[in-house]
Structure formats: structure tokens, C-alpha cells
Number of protein chains: 2
Amino acid sequence: MSNKDNKIEAEMNRGFLQIMVLLALENPMYGYMMIRFIENIGYSVVENTLYPMLRRFEKNGWISSSWDVKHDRPKKYYEITNEGKTVRNKLLRIWQKQNGVITKLLEEVKNG
Amino acid sequence: MSNKDNKIEAEMNRGFLQIMVLLALENPMYGYMMIRFIENIGYSVVENTLYPMLRRFEKNGWISSSWDVKHDRPKKYYEITNEGKTVRNKLLRIWQKQNGVITKLLEEVKNG
DNA sequence: ACTAATACTGTTTACCACACAGTATGTCAA
DNA sequence: TTGACATACTGTGTGGTAAACAGTATTAGT
């Protein structure tokens, strides 16, 4: 059951995580930093989800990266591109539409 | 590109569609009826997404079904179960949490 | 020296949205 | 009366992604 619950949450993360990451990368950030950033705002992502996602987004041209090798360990900073912003806005519009549908249906459920 | 966009929307539907269907099935409905119902509230699902989903949910015990063979074509009516309502509420809590995160991040983006 | 935190890469699995394909009945206009 | 369209469902295959599992290497604290 806890197993099935994890599956549910994984499904819920699809779509949402993409928006969250694209919004977060309005400010440059590297992977590990983002994991903690996300925890600070009350959510969580695991490494094995976030890192492949960042590589995928870069491949898509939605974000760009640059290595910071000046301070201690090398850090790969990512930042959203203009194309990424376009995608982000598109995703946000879909999200808001979906949120409207949910709100509407919820009201109907409440009002019997 | 339009191809990639479709993929994005497919991803956005994961999670959301589950909530929408579980909310809609507060009132008994059969598949085809739900497709039109969803269109009426300003969204859309294709048959090949909805029908397998309904079968899956029934297998999970989230919804139950019964055939209506009295009127013209046979219709498979589905309805949410108590277990389904528990799942639905869980999904809604996740959705609202995610919505909170997005709202928060959006404000930060707007405020520079 | 050892442990934990930091910061990343690589491979594999399970699941799902949707495309593609098919079956069968009911309705209505030319 | 036939042919198109709506209704109502089932079945199979594909591609993309979250997350499990696994590994590498550096730095900080004890």
C-alpha cells in the first residue's frame, strides 16, 4: 500500500516538477542547491529525479548550464533560457486551466 | 515541435486526470458520457486515455462498475468507492500543496 | 582516519497518456 | 436502403519520465 502510494505521488509529480524547476531556475542554481531550495519551500525532490531532469531540460534548450570551478567542488549552474520561459508559461497556463477544473468540480461535490 | 508539445501536455495530464475522473465519478457515469461531461466543463480527454484509466481504477478498487443493458446500447456505469474517495482526497491534498508551491514561486518571479 | 555532507553521473524499471486499430449498435438524411 | 456519423466499448504498442538502484569523487568536521 505504501508502495502504491509512492506510485501515486510519482504520478502527481509529473508535470508539476517541470513547472517548479523552470520557475526556480529564474535564478541560477546548481542541482544540489535546488534540492535544498525545494525543501525550504516545503516540497522535496530526490537526486535521481532532479539531475536527469536538468540534463533533459538542457538538451531541450529550456535551460543552460555553466560550471563553476573557482570555489571548492565543481558546481554546474543552470539557468532558464528564453525558450524555457516560453515553455514554462505554456505549462503554467495548462496548470491554471486544470486548477480551474478541479476547483469547479470540488464545489459541485461539496454542494451535493 | 507540435509533437513535443503534445508530449508536454500528456505529462501535464498525469496526476490531474486522475483527480478529475475521481471527482467526476461522485455521480455515476459511463465512459462516453464522461468524455462529453469533461468537454462541457472546458477540458478534454481522448477515449484511449479514459477507458483504460477507468478499467485501471476499477482494478485498484477506487471505482466500481455496473452494466446498464436496459436501454439501447450497453453502458458501463462507474461510481467512486469509499477507497476511491480516500485516494481522491489524498491526491487533492498533494495538488493543493503543489499549487501552493507554484503560487509562491510565481510571486517571487514577479517580484524580481 | 573516519564519517557525513556535498555534487554529480549512469543504468534500469514500472507506469501511464495516447496513438493506432478494431467491434458493434443506433440514428438520420438523401 | 445505404451510407455516414454518433454512440460505446475493447485491445495492443510506443515513448517519455519519476524514481529505484548503483557508483564516483571531493570537502568538512570529529
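In what follows, every chain begins at residue 1, and chains take the letters A, B, ... in the order their sequences are listed.
Distances were taken from every side-chain heavy atom of A:Lys7 (C-beta onward) to each of C:dG10, D:dA18, C:dC15; the shortest belongs to C:dC15. Nearest nucleotide to the side chain of A:Asn13, out of D:dA19, D:dA8, C:dT9: D:dA19. Residue B:Arg73 has its side chain nearest to D:dT7 when only C:dA21, D:dA18, D:dT7 are considered. The side chain of A:Trp67 lies closest to C:dT9, out of C:dT9, D:dA8, C:dA19. Closest to the side chain of B:Met53, from the set C:dC8, C:dA17, D:dA8, is C:dA17.
Heavy atoms of A:Pro52 sit nowhere under 4.0 angstrom from any nucleic acid atom.
Nearest heavy atom pair, residue A:Met34 against residue A:Ala24, reads CE-CB, 3.9 Å.
Atom CZ in A:Arg55 sits roughly 16 Å away from atom P in C:dA7 (whole-Å rounding). The separation between A:Tyr30 atom OH and D:dT26 atom P is 17 Å, rounded to whole Å. Whole-Å rounding puts the A:Tyr77 OH to C:dT6 P distance at 14 Å. We find that NE2 of B:His71 is positioned 18 Å from P of D:dT7, with the value rounded to whole Å. Distance, B:Leu54 CG to C:dC16 P: 13 Å, rounded to whole Å. Taking atom CE of B:Met34 as the reference point, atom P of D:dC9 lies 11 Å away to the nearest angstrom. Rounding to whole angstrom units, OH of residue B:Tyr32 and P of C:dA24 are separated by 19 Å. Distance CD1 (B:Ile35) to P (C:dC18): 12 Å, rounded to an integer number of Å.
For D:dA18, neither phosphate oxygen OP1 nor OP2 lies less than 4.0 angstrom from any side-chain nitrogen or oxygen of A:Thr49. A:Tyr51 has no side-chain polar atom (N or O) that falls below the 4.0 Å cut-off from OP1 or OP2 of C:dT9. OP1 or OP2 of D:dA18 has at least one side-chain nitrogen or oxygen of A:Arg56 nearer than 4.0 Å. For D:dT7, one of the phosphate oxygens OP1 or OP2 lies less than 4.0 angstrom from a side-chain nitrogen or oxygen of B:Arg36. For the pair A:Arg14 and D:dG16, the criterion of a side-chain N or O lying under 4.0 Å from OP1 or OP2 is not met. Distances shown here put every side-chain N or O of A:Asn48 at or beyond 4.0 Å from the OP1 or OP2 atom of D:dA18. Taking side-chain N and O atoms only, A:Lys76 has a distance below 4.0 Å to OP1 or OP2 of C:dT9.
Of the two residues near DNA chain D, B:Tyr78 and A:Val45, the one whose nearest nucleotide lies more 5' is B:Tyr78. Toward the 5' end of DNA chain D, the nearer of the two residues B:Asp72 and A:Gln18, judged by each one's closest nucleotide, is B:Asp72. Mapping A:Pro74 and A:Glu11 onto DNA chain C by nearest heavy atom places A:Pro74 closer to the 5' end of the strand.
At a cut-off of 3.5 Å, with distance as the only test, a side-chain donor of A:Glu58 or A:Ser65 sits close to an acceptor on the other residue. Between the side chains of A:Glu47 and A:Tyr32, no donor N or O sits under 3.5 Å from an acceptor N or O.
Between A:Phe57 and A:Trp62, the angle of the ring planes lies from 30° to 60°, which puts this pair in the tilted group. Classification of the A:Tyr77-A:Tyr30 ring pair by plane angle, with boundaries at 30° and 60°, yields perpendicular.
Contact annotation: the side chain of A:Leu54 approaches that of A:Leu25 to within less than 4.5 Å [non-hydrogen atoms, C-beta and beyond].
The base of C:dC8 sits within donor-acceptor range of the side chain of A:Glu47, with an N or O pair under 3.5 Å.
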